[in-house]
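Quick note on labels: first sequence line is chain A, next is B, and so on, each numbered from 1. This structure is a prediction, so every number in the text was calculated from the model and none was measured.
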Amino acid sequence: MEYNPQDIEQKWQARWKADKTYATSNHSEKPNYYVLDMFPYPSGAGLHVGHPLGYIASDIVARFKRHKGFNVLHPMGYDSFGLPAEQYAIQTGQHPAVTTEENIARYREQLDRIGFSFDWDREVRTSDPEYYRWTQWIFTQLFNSFYNYKLQKAEPIFKLINLFETEGFNGSDHEFLTGDIEHDIVPFNAEEWKAFGEKKQEEILLNFRLAYLSETYVNWCAAMGTVLANEEVKDGVSERGGYPVERKLMKQWSLRITAYAERLYNDLDAIDWTESIKESQRNWIGKSVGAELSFRVEGSEAKIPVFTTRPDTLFGVSFLVVAPEHELVSKITTAEHKTAVEEYVHYASNRSERDRMADVKKITGQFTGAYAIHPFTGAQIPVWIGDYVLAGYGTGAVMAVPCGDQRDYDFAKHFNLPIPAVFEGVDISEKADPTKEARMINSDFLNGLTGYDAIKMCIVRLEEKGIGKGKVNYRLRDAIFGRQRYWGEPIPVYYKDGVAKTFKDEHLPLVLPEVDKFLPTTDGEPPLARAETWNYDPEIGLVANGEGYPVELTTMPGWAGSSWYFLRYMEPNGVNNFVSRSIADYWQQIDLYIGGAEHATGHLLYFRFWTKFLHDLGYIGITEPAKKLINQGMIQGVSEKIHTLKVLSVAGHSGKSNTVHFFNGKDITPVEFNDQLVSAYYSHDLKIALNFESNEHNIDISLTENSVISPENMSKLGEWRDDFADAVFVCEGGYWWQGTFHRLKDGSDVFRTKSEVEKMSKSKWNVINPDVICNELGADTLRIYEMFLGPIEQHKPWNTNGISGVSGFLRKFWRLFTAPSGFNLSEDAATPAELKVLHKTIKKVNDDIERYSFNTVVSAFMIAVNELGELKCSKRSILEPLVVLLSPFAPHIAEELWEKLGHEQTVTQAAWPDFNASYLVEDSVSYPVQFNGKMRFTLDIPAAYTREQIEAEVLGWEATTKYLEGKAPKKIIVVPNKIVNIVY
RNA sequence: GCGGAUGUGGCGUAAUUGGUAGCCGUGCCAGACUUAGGAUCUGGUGUCGUAAGACGUGUGGGUUCGAGUCCCUCCAUCCGCACCA
């Protein structure tokens, strides 16, 4: 009876589906456990072997926890709004919903093939109107909330309106409404508020709403026709597509995530995530503690506020620098510097983000002619503008302390400004030194203090004088929420007389309208402007254009739907709430969340933000979504590449035997060859031999083996890519043309490719599809092999070198039950040796799953099978528990064996085997005995001996006397079960 | 520049608290069975050495009877942030 994975796997997958084996109840006596994968975007390329890595790990934990008696929530769904489906729609006219539906079907098929224990009754899709009605609803909640900085929580906006109606708004008494955030709200009293009228009131409220409309600089990507979040921009170009991105002032919906900066920062300490993810989030939030103070401008009303982390260096200030975009620039610039400053501002505004980043070292700036007054010394301080100061951070102005800050130092040197010293004994002749250790000099009341003390002291004095205060600044910006795209959640907002208002709950969901094309309109409006029924009447709902009020045209960004999905799985079909409070309280946090580290500052930050917000309004009881996070590593692909020439010139290119000039980066080398060389493709060994500069092209890896394209496959190249049909492929000894080798000289006719480890992707032709492995060796082999590759968090290239070991292991496991003939296990009592193998394995498997070390579990199984094979063990009492141990890893083979063992229930219901340590205890332990750390001999000592008995036994041994040579031992070290060391 | 992580056989990796480094798997060598094998089984496999033995976890140092593990130095690779005041 051979192990036949295909039959077994099909049988059990069908049965699980029919019986709903993995359906989970929201009510149970058992303790509960929530294990979640980051849900995928269903792309057209389907799953590759990298996707299931995390899913397999989470599935193992889910199945393990079920065996251990937990009620396990282990759902799956799709993050189905996204750009690729929309771009495909633009190209083909096919509705993104149709594309998405097809892709999901394919994903589901592939996922089912691997045998996951997801509860598919709980599937969610972010693009399903029944799902996104709640995404939209949460948006309306954000719109109708403000942040109370005193209580550090969000509250309904009506509380704020009540306050304004009774007390008005007075900057200092109501500071808890604005926190440390800069604002320019003019104070008003209750009467004034009432007299403002709706439009003006709404304008004021927008300063407080957590979802708000404002004129802000955005990352505008002209090529994609949309704005991008900071997280979607890398090195000045779009993360997807690599198109240029520019700063542009636009009216935009944003979410006030900055209100949550402090909590997002502090709560990181309480969750068990990797240090690198937490550190990324801390970097992104960018908390810095310091002080804000204002400099008066001489002969003007203007004050320049600056933020500094080093108030101790206040007496080292020799000039101020404000950002070119700063609103004070035009006000303070003197007449004689006006032209130069305007020119500079113009120059700075024309430099894109990318240019600015590219030449960081270039020092530019301009004197405004204005002077500020030092708050303590009264000295005149020149005010400059310079683009090394960013408008978007802090106050957009800095007090320059050249002795303590390298950028200020460089600026001072470049423009010949003074560099006063404030640190005792610190050399600043070559560079700035930001030490806090040194004592202060030339600093009035700070003299003699170290930097640490001076910081505190200075803040006290600033507050006494009323010119500044201690302040915390964050790098985190509010999240831009509107996208000029079609395939996303419509923002449920309409505009009545220019005032934004949210839809009534009963009119949600606001379903995506049908449009004729998925492109922006000819006058640049987002695709939703093409809809014919896109106006709103608060009494009726959506109405035809021309009636009611116009509806918002932008849609939500990709991360909206994924910011709360873990809650929807708890009650996927709930019609009254996004989730009922009682059910949310039952499941609480995600116990284990598995997904890629690339979401560190995107999804994972918004996920935490929305969870906190929903908690503040009392809808859920938790403030962090996931207790434990594991970042599975990427499985990379191995690409195979061939070369084309970067040719400088081709001389006398006609007839046979021509000369091609290869350029190797330095020299031009003439090389004799046949014709058709310029557009030819070159074997990698030839490229190495000639060392020319080349462009690389990916080749479908299925056409290569060990980085060689075989002669048979050479002829298939033309079928694979049309333009290869007539192409020439040059090897060392000749060339391939139309699949035939033309010999020119002695040398190889093997065409080599260059292999390179890179991200697995369709465009690189290096994708390994899990279906192929499932068909050849079975899903259980795939599951175990992916776990066996190495630690789950590690990036690793996919290679199948070891896969035969894994499939061999499963066959051997199967044979334990079926050898020598048929399924025939012995009911005899197990021997101590057999029991030892079993219990050693129970312990190892259990402990290693608990610490997420899946690769070592696989090793433990292999050892057990080897040892039981040697013992020729075929006893039920040993093998039956092993089936349960294996079932999280290889559920199909486990089910089949479990059934053959005569059980009526599936293995899923079986309890985890009990571990009994007494079977592991040995009669005697073999102790290595050392003298002064050197191993001399081993001594068998009864395991039950105490430390003192062991010492006596060792000292009584005649070899001991020999080694001690009459010296008394100074110390005897006995490590239980490990070693004895005698120091003399 | 700041921060995080990682360095162990030919390769993927293991060593839970400091206790015989290299488990398990691949690859390789030898053998058995075989018409054959990408089947199965047995033995070997860190380096040098015939051997005894010596050396060995990126480098150099330290703590310890004992260090892959703890501390310091340097080097290399990867990742995140980066003119953030």
Taking the [atom1] atom in each of [N] and [M], what is the distance between them to the nearest angstrom?
N     : M     : atom1 : value
B:U40 : B:A21 : P     : 34 Å
B:U63 : B:A76 : P     : 28 Å
B:G80 : B:G10 : C1'   : 33 Å
B:C72 : B:U20 : C1'   : 28 Å
B:A14 : B:U8  : P     : 11 Å
B:G68 : B:G56 : P     : 10 Å
B:G53 : B:G58 : P     : 27 Å
B:A67 : B:A54 : P     : 16 Å

Checking all strands, does [X] fall into the base, sugar-phosphate, or nothing category for heavy-atom contacts under 4.0 angstrom?
X        : result
A:Gln794 : sugar-phosphate
A:Phe788 : base
A:Asn473 : nothing
A:Asn866 : sugar-phosphate

Inset, instruction - Measure the acute angle between the ring planes of A:Phe889 and A:Phe861, then classify it against the limits of 30° and 60° as parallel, tilted or perpendicular. - result: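 Ring orientation, 0 to 90° scale: perpendicular.
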Inset, instruction - Please work out whether the ring planes of A:His839 and A:Phe915 are parallel, tilted or perpendicular, with thresholds of 30° and 60°. - result: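 Tilted.
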Inset, instruction - To the nearest 0.5 Å, tell me how far A:Leu314 CG sits from A:Met440 CE. - result: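 The CG atom of A:Leu314 sits 9.5 Å away from the CE atom of A:Met440.
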Legend entry - OH-CD1 distance between A:Tyr344 and A:Ile385, expressed to the nearest 0.5 angstrom: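 Taking OH in A:Tyr344 and CD1 in A:Ile385, the distance rounds to 6.5 Å.
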Legend entry - Between A:Asn766 and A:Ser761: side-chain donor-acceptor atoms closer than 3.5 Å: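 Distance-only check fails for A:Asn766 and A:Ser761.
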Inset, instruction - Scan side-chain atoms only and decide if A:Asn473 and A:Ser288 contain a donor-acceptor pair under the 3.5 Å cut-off. - result: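 No - no donor-acceptor pair under 3.5 Å links their side chains.
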Without decimals, in angstroms, what is the distance between [X] [atom1] and [N] [atom2]?
X        : N     : atom1 : atom2 : value
A:Trp273 : B:G80 : CH2   : C1'   : 16 Å
A:Lys796 : B:C78 : NZ    : C1'   : 15 Å
A:Phe809 : B:U26 : CZ    : P     : 12 Å
A:Lys287 : B:C81 : NZ    : P     : 21 Å
A:Asp410 : B:A85 : CG    : P     : 16 Å
A:Asn631 : B:G80 : CG    : P     : 13 Å
A:Ile803 : B:C24 : CD1   : P     : 21 Å
A:Asp847 : B:A14 : CG    : P     : 17 Å

Inset, instruction - Please check if atom CD in A:Gln406 has more than 12 non-hydrogen atoms from other residues, nucleotides or ligands closer than 6.0 Å. - result: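 Enclosed.
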Legend entry - Exceeds 12 heavy-atom contacts within 6.0 angstrom, atom CD of A:Glu430: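 Not more than 12 within 6.0 Å, no.
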Legend entry - A:Asn801 side-chain N/O to B:G25 phosphate OP1/OP2 under 4.0 Å: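 So the side-chain polar atoms of A:Asn801 never come under 4.0 Å of the phosphate oxygens OP1 or OP2 of B:G25.
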Legend entry - Phosphate OP1/OP2 of B:G80: any A:Thr601 side-chain N/O under 4.0 Å: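 Looking at the OP1 and OP2 atoms of B:G80, neither is under 4.0 Å from any side-chain N or O of A:Thr601.
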Inset, instruction - For RNA chain B, determine which residues of residues 393-405 of chain A have any heavy atom closer than 4.0 angstrom to one of its atoms, and list them numerically. - result: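 Contacts with RNA chain B under 4.0 Å: A:Tyr393, A:Val398.
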Under 3.5 Å, N/O pairs linking protein and nucleotides 39-42 of chain B:
residue, atom, partner, partner atom, Å
B:U40, OP1, A:Arg811, NH2, 3.0

Do the charged groups of [X] and [Y] touch, with an N to O distance under 4.0 Å?
X        : Y        : result
A:Glu867 : A:Lys840 : yes
A:Arg282 : A:Asp269 : yes
A:Asp847 : A:Arg851 : no

Legend entry - Which nucleotide in B:C83, B:G80, B:U16 has an atom nearest any side-chain atom of A:Lys844: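 Shortest atom-to-atom distance from the side chain points to B:U16.
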Tell me, please, which residues at least two apart from [X] pass salt bridge (Lys or Arg N to Asp or Glu O under 4.0 Å).
X        : value
A:Arg811 : none
A:Asp405 : A:Arg407
A:Glu758 : A:Lys641

Inset, instruction - State the syn/anti category of B:G9 according to its glycosidic angle, syn meaning within 90° of 0. - result: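 The base of B:G9 is oriented syn (glycosidic angle within 90° of 0).
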Inset, instruction - Determine whether A:Met38 and A:Phe607 make a side-chain contact, defined as any pair of heavy atoms from C-beta on separated by less than 4.5 Å. - result: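 No, too far: nothing below the 4.5 Å cut-off.
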Legend entry - side-chain hydrogen bond (donor to acceptor under 3.5 Å, both in side chains) involving A:Gln366 - partner list, sequence neighbours excluded: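 side-chain hydrogen bond (donor to acceptor under 3.5 Å, both in side chains) list for A:Gln366, sorted by chain: empty.
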Inset, instruction - Could you check A:Arg475 against A:Thr856 and say which one's nearest nucleotide on RNA chain B is further toward the 5' end? - result: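 Checking each residue's closest nucleotide, the 5'-ward one belongs to A:Thr856.
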Inset, instruction - Could you check A:Tyr474 against A:Asp848 and say which one's nearest nucleotide on RNA chain B is further toward the 5' end? - result: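 Final value for this comparison: A:Asp848.
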Please list, for nucleotides 29-33 of chain B, all pairs of protein and nucleotide N/O atoms separated by less than 3.5 Å.
none

With sequence neighbours excluded, tell me which residues meet ring pair (Phe, Tyr, Trp, His ring centres under 6.0 Å) with [X].
X        : answer
A:His374 : A:Phe315
A:Phe809 : none
A:Phe411 : A:Phe319, A:Trp384, A:Tyr388, A:Phe415

Please list each protein N or O that sits under 3.5 Å from an N or O in nucleotides 2-5 of chain B, with the distance.
residue, atom, partner, partner atom, Å
B:G3, O2', A:Glu279, OE2, 3.1

Inset, instruction - Both distances under 3.5 Å, Watson-Crick or G-U wobble: on that basis, could you give the dot-bracket string for RNA chain B, with [ ] for crossing pairs and | for other-strand partners? - result: (((((((..(((......[....)))((((((.......))))))(((....)))..(.(((..]....))).))))))))....
